[in-house]
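Everything on this sheet refers to the single structure shown next.
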Protein chains: 2
Amino acid sequence: MKELVTIKEIARQLQVSVSTVSRALRNNPRIGLKTRESVQALAGQLKYSPNAAALNFRSGKSGIIGVVLPEIRENFFSEALNGIEAIALNEKYLVALYQSRDSFEREKQILSALTANRVEGILLSAAKESQSFQHVRDVIAQQIPVVLFDRIPPGVKTHQVGCDVKNGAYQATKWLAAQGSRRIALLNGPPTLVACDDRYEGYITALVENDLPVDSILIKRVDLTPEDTAKKMAQLLALDPRPDAVLAFNDYVALDAMRICRNQGMMVNKDISFASFANLPMNMYLEQPPLVSVEQHPFEIGQKAAEMLIRSIQSGTVPGSDEYERVIIDSHLKVWQ
Amino acid sequence: MKELVTIKEIARQLQVSVSTVSRALRNNPRIGLKTRESVQALAGQLKYSPNAAALNFRSGKSGIIGVVLPEIRENFFSEALNGIEAIALNEKYLVALYQSRDSFEREKQILSALTANRVEGILLSAAKESQSFQHVRDVIAQQIPVVLFDRIPPGVKTHQVGCDVKNGAYQATKWLAAQGSRRIALLNGPPTLVACDDRYEGYITALVENDLPVDSILIKRVDLTPEDTAKKMAQLLALDPRPDAVLAFNDYVALDAMRICRNQGMMVNKDISFASFANLPMNMYLEQPPLVSVEQHPFEIGQKAAEMLIRSIQSGTVPGSDEYERVIIDSHLKVWQ
DNA sequence: TCAGGCTACGCAACCGGTTGCGTAGCGGGT
DNA sequence: ACCCGCTACGCAACCGGTTGCGTAGCCTGA
C-alpha cells in the first residue's frame, strides 16, 4: 500500500502540531486565519483525506448500515433497496447488503456478522422461514437500532415500515366484484407472513360489503413455490362451481396460477379474472397480466425505513419496549390496459 | 449506547494486564494455560467481542469490499451479486453495494465515497454512460484493487471477468440459421459497451460460415430504452424484404422489439424469430419468449470476480500496468420449449 | 552460591485524529 | 512597572487492541 497522507505529515511539513492541523482542517476559529489557510492549501495539494477507520474508531461509529432482505432479485426488494440507497448516499452511510434467501439460519448468521462489524443500524425484512425472532431482539438488546420493513415479524418491538396491504386487498377485491365477479377465491401466502392476515381481512371486508358469501373453500394458502401454487389452483378449478376470480398473494403467484388455468383451456381474465400484489414491471411484457395489481410503493418504503433508521441512530435512542413508530405507506390499485 | 465489554474490563476483573488478555484471547502460548483459560472463560461470560473498528484501524483494513453496478433490478446483476455475496460471506467481508444507474456522475461519486471509506477492494461493472475511466484508474492508483466484471471498460489495466459473448452471439446466430432464417438482423447495444463488438463479431462469423450475406442495413444499435428499440425495430420492419429473424442485445430489447412486431400484426417466432442474451427467469411466464437466449452465468461471473478481488487484496498486489488477469466464463445457448 | 536460562507476564508505544487544558507572548490599561 | 486578558497555538490523553521489548521470579547445574 502506498502511504496515504496523514495529518502528521502535514504537521511536519508546516512545522506545526497535529492538533493545529486537525483544528485548521475543521476551520476551528481558534487557529489563526493564515495558519488555517496554509494547512488547507497543503492538505489539498497532498490530496489529504481523513482516515475513515481512525474516525470510526474514535467516534465509535462505523458509518455503515446493514440491510437484510430475502431476495434482492425480487422486484419489490430491489426497489426498496433503491429507496434505502438514495437516503444512505445522501447521509454518507455505507450500505452493507445481505440476502437471507428466506432461510432462518442465514438470517441469524448475517445478523451476527453485521453486529460483529459494528454496523450502526439494521434494516430487516424477515425471512419467510423465520418464526422465532430472538436473534432480532438480541441485536436490539445490543443497542443497535433496527427498523423492520415489509416482512414485519410479530412481537419485535422496534420501528416498522409496512404497506397498507389490508386496504390494498380490500380495493382489489372490491374492483373484482365491481367487474361482476361473484365467486372470488383467495390464494394467500404462508401463515408466517403477517401480511397474509391483512390480505385476508381486506378480502373479507370487501366480500361482506358487496353481499358476496364468504366461502372458506375458496381460500387457499400457498408456500410461494410454483408447484404449490399449481396444486392449490388446481384444487380451486376442481370446484363446482368454479371461482370466477382470484386474488393472489402477489404477481408471481398469480402468474403461476394463470398457467394452470391456461393448461386447462381456460381464457385468463375472461373465464377467470386475476388480481394481485406487486405490480411487477414484467407485467407490461405479458399478454395477459393480472387485471389489477396492488402497487406497494417499495421505493418509498425503503426510503422511509432508511430515514427512520438514520434518525434513530443519530438520536442515539434505541426504541424501548413500548415506544416505537409504526409507519404504513398507502398502497394503490394499478389497473392494466 | 450500552457500554460494550472491552479487553480492559476483562483485565481489570482478572487483575492482569491488557496485553495478557489480548494474547490469551488469541491463544498465544506465551501466556500460561490457567491464565488463558480463565481469560477465555470470562470473555465468554461477558460476551466479549472485539471492537471491529479498533482492529480495522490498527490493521489498516476495513473488511469491506465495494460493489458498483448499473442496476440491481436487472436480473443479470442481482445474480452476479448473489455470487459475490456467497464468496464475501465466507471470507468475512462486508459487501457495500451501490448502483450507478448507468450515470457517469453517480459512478464517480460512488467510487470516491467508497475510497473515502477505505474499502479494501472494488468490484465494478461500468455504467453505460461512462466513456472516460480516469476515475477508475485513480482508484487503482490509490493501490485499491479493482476487478471489472461484465461491463468491462476498455483501457483500464486491472483484473477482469467477462462472459464469452462472442461465442454466444455466434451460437445464437448459427442456431437461427439452422432453423431456416436467411435475413437475420442484429439489434445491438450502444457503442460504449465493449460487449457489443463481441456480439457483432460472433454474428458476422456465423453469417459468413452459413453463406448468408452481411447486410449493414440489418444491423441497428439501440440505447436500451424501450422507445429507441421500438424505433429501430420499426425501421427493420419497414425494409423489403423484412428480416426473418432478430438477434437482440438482451431479453429486454427482444421483448420490446417483439411488441412492435405484434402491433404490426406479425406472429412472433413464426413470421419472425428472436434470439437474445440473458435468459431472464421471466421468460418462463411469457407465451412467446425469445426462441433461444444466451445464458451468461452471472452467478459464476460474480463468484469468480469476488474470488479474484479477495485474492488480490490478500496478496497485497494491485495489478500493475501490464500484469493482470482476464477470465472469460463460457456462455451457453438456452433453447425454450 | 551464583550465573544463566526459562517461564510468565507487564510496560508502553503505536495506529490517526480529536479535544480539554495549559501557556507563551503580546498589548493595553492604570 | 505590573497585572489582566486575549490570541494563537502546543501537549498529551484518549479510543481498543496488538506487539516488541523488558523483567521479576524461579529452577537448574557446576
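Order of the sequence lines fixes the chain letters, A, B, ..., with proteins taken first and strands second; residue numbering starts at 1 for each chain.
Inspection of the A:Gln134 and A:Arg137 side chains reveals an N or O donor paired with an N or O acceptor under 3.5 Å. Between the side chains of B:Arg73 and A:Asn75, not a single donor N or O lies within less than 3.5 Å of an accepting N or O.
At least one donor-acceptor pair under 3.5 Å links the side chain of B:His159 to the backbone N or O of B:Glu325. Panel note: side chain B:Ser22, backbone B:Val18; no donor-acceptor pair is recorded below 3.5 Å. Side-chain N or O atoms of A:Asp102 include one that pairs as donor or acceptor with a backbone N or O of A:Lys128 at under 3.5 Å. Panel note: side chain B:Glu129, backbone B:Phe104; a donor-acceptor pair is recorded below 3.5 Å. A donor-acceptor pair under 3.5 Å is formed between the side chain of A:Glu120 and the backbone N or O of A:Ser62. Side-chain atoms of B:Ser312 never come within 3.5 Å of backbone atoms of B:Met308 as a donor-acceptor pair (strictly under, hydrogens ignored).
If you check every strand for non-hydrogen atoms under 4.0 Å, B:Val21 touches nothing.
Atom NZ of A:Lys8 is separated from atom P of D:dA12 by 14 Å (rounded to the nearest Å). Rounding to whole angstrom units, NZ of residue A:Lys61 and P of D:dC15 are separated by 16 Å. In this structure, the CZ atom of B:Phe57 is 11 Å from the P atom of C:dT18, given to the nearest Å. In this structure, CG of B:Asn28 is placed 17 Å from P of D:dG17, rounded to the nearest angstrom. The interatomic distance linking B:Leu25 (CG) with D:dT18 (C1') rounds to 12 Å, in whole Å. One atom, CD1 of B:Ile7, and another, C1' of C:dC9, lie 15 Å apart when rounded to the nearest Å. Computed from coordinates, the A:Gln15 CD to D:dC11 P distance equals 12 Å when rounded to whole Å. Regarding B:Arg12, its CZ atom lies at a distance of 16 Å from the C1' atom of D:dG16, rounded to whole Å.
In this structure, B:Glu9 pairs ionically with B:Arg12, as a charged nitrogen and a carboxylate oxygen lie closer than 4.0 Å. In this structure, B:Lys108 does not pair ionically with B:Asp138, as no charged nitrogen and carboxylate oxygen lie closer than 4.0 Å.
Taking the six-membered ring where tryptophan is involved, the planes of A:Phe57 and B:Phe57 are essentially parallel, since the angle between them stays under 30° and well short of 60°.
Comparing the start and finish of the helix from C:dT1-D:dA30 to C:dT30-D:dA1, five pairs each, the helix axis swings through 80°, to the nearest 10 degrees.
Within residues 35-56 of chain B, the residues that have a heavy atom under 4.0 Å from DNA chain D are, in order of number, B:Tyr48, B:Pro50, B:Asn51, B:Ala54, B:Leu55.
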The contact string for nucleotides 19-24 of chain D, one letter per nucleotide 5' to 3', using protein heavy atoms under 4.0 Å with B, S and - for base, sugar-phosphate only and none, comes out as BBB---

